[in-house]
Amino acid sequence: MAGQTIGLMGRKVGMTQVFDDKGLSVPVTVVKLGANVVTATRTKEKNGYTAVQVGGFETHENRLNKPAAGAFKKNNLPFLKPLKEFRVSDAAGYNVGDKLPVADILKEGMKIDVRGTSIGKGFQGTIKKFNHGRGPMSHGSKFHRSMGSIGAGTTPGRVFRGLSMPGQMGNITVTVRKLTVVKVDADKSILLVKGAVPGAEGGLLEITASQTKWN
Amino acid sequence: MNQIIQEIEAPLIKDNVPQMNIGDTVKVFVKIVEGNKERTQGYEGVIIKRRGSGVGETITVRRVFQGIGIERVFLIHSPRVEKITVQRRGHVRRAKLYYLRKRTGKATRIKEKVTGKKDVAAAPAAEKAPAAKAEKAAPAAEKAAETAEA
């Protein structure tokens with residue numbers, strides 16, 4: 001959901017609560033924003049699309065492979081990781097080496113989309129994964145937590161697509177849309193978002209402005 | 001707790017919260033908005049539960065009103081909670097006083113905590129809280145004692 005807006009990268013710190021002007025508590029997720037330095041731009045003429053490549057967090061040279069480290073050295077940039085592209089309608093305003101202006105991108109009260117990798121739950125059955133029911137655990141029952149029937153017989157003669165079955169749960173990219181920005185501290189690069197965001201603490205987050213009429 | 005979160009919570013945490021324990025009888029002064037007027041209402045009862053840490057710490061205060069038990073949960077660092085005063089120290093042997101829910105009348109009584117000489121027990125119950133706090137801050141102790149007498 002990168003859309004046509006520039007985004008920022010950050011890491012989830014954890015949750016707490018703050019108080020609004022009425023004195024009511026607001027549950028917030030604390031996000032520590034990264035360096036967010038422009039590392040490259042993509043143009044219509046050269047690449048066929050317009051985008052800005054952003055480096056998330058400063059890292060050490062030995063954490064990068066030689067081609068990646070070489071690219072940073074060539075442009076006199078700090079070593080950054082990871083690199084992500086954000087599609088924009090016009091990449092002309094972004095110069096390589098610029099820090100993205102946090103205060104201009106995020107404003108208090110605006111709606112943002114937050115994207116992250118959800119906490120992995122491993123290979124799970126349908127009870128945990130899809131909230132299916134289970135059979136009796138005792139009184140002679142042999143039907144405990146297994147799936148049961150996955151469809152009829154000769155007609156239709158196949159299993160319908162999209163049937164909920166056991167498998168990997170979590171550890172997928174999840175976007176939570178239209179979260180409210182409670183507070184932005186550009187100096188300390190800290191962002192408070194109302195509500196929960198995907199992933200574990202320390203997980204990488206991509207933050208973009210929501211495509212809504214409220215922004 | 002994470003240091004960044006601590007920094008965010010630090011300005012929100014009140015420093016005038018009295019020392020209170022499970023079983024204490026407290027009076028909580030809550031700001032109530034009626035229309036566009038704001039007034040303070042007191043609510044007195046026994047702390048039966050205390051949970052959470054940091055800015056999210058809450059107490060559950062139980063009282064029996066017109067034969068019906070009422071339990072209210074207060075976020076102690078909330079700006080809506082104006083003040084909490086300790087009326088009576090209770091001696092209990094549980095961290096959660098859920099057993100009070102099953103009891104009525106005399107059985108709900110809680111023994112008063114007998115405190116040693118060091119604790120400023122001589123001061124009236126309502127002023128115990130600021131006095132106890134003054135003990136920690138030694139230079140301010142004399143001042144607080146003066147105000148307690150006055």
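Chain A is the first sequence line, chain B the second, and so forth, proteins listed ahead of strands; every chain is numbered from 1. Since the model is a prediction, treat every value here as computed from it, not as a measurement.
Around atom NZ of B/K111, no more than 12 heavy atoms belonging to other residues, nucleotides or ligands sit under 6.0 Å away. More than 12 heavy atoms of other residues, nucleotides or ligands sit less than 6.0 Å from atom NZ of A/K129. Open room surrounds NZ on A/K99; 12 or fewer heavy atoms of other groups in view lie less than 6.0 Å from it. Residue-environment remark: CZ (B/R93) stays at or below the threshold of 12 foreign heavy atoms within 6.0 Å. Sparse packing is recorded around CZ of B/R94, with 12 or fewer heavy atoms of other residues, nucleotides or ligands lying under 6.0 Å away.
Residues of residues 180-203 of chain A lying under 4.5 angstrom from chain B, judged on non-hydrogen atoms, are A/K188, A/I190, A/L192 by number. Within residues 22-40 of chain A, the residues that have a heavy atom under 4.5 Å from a heavy atom of chain B are A/K22, A/G23, A/L24, A/S25, A/V30, A/K32, listed by number. Taking 4.5 Å as the heavy-atom cut-off, none of the residues of residues 65-80 of chain A approach chain B. Using non-hydrogen atoms only and a strict 4.5 Å limit, the part of residues 8-19 of chain A facing chain B consists of A/V13, A/G14, A/M15, A/T16, A/Q17, A/V18, A/F19.
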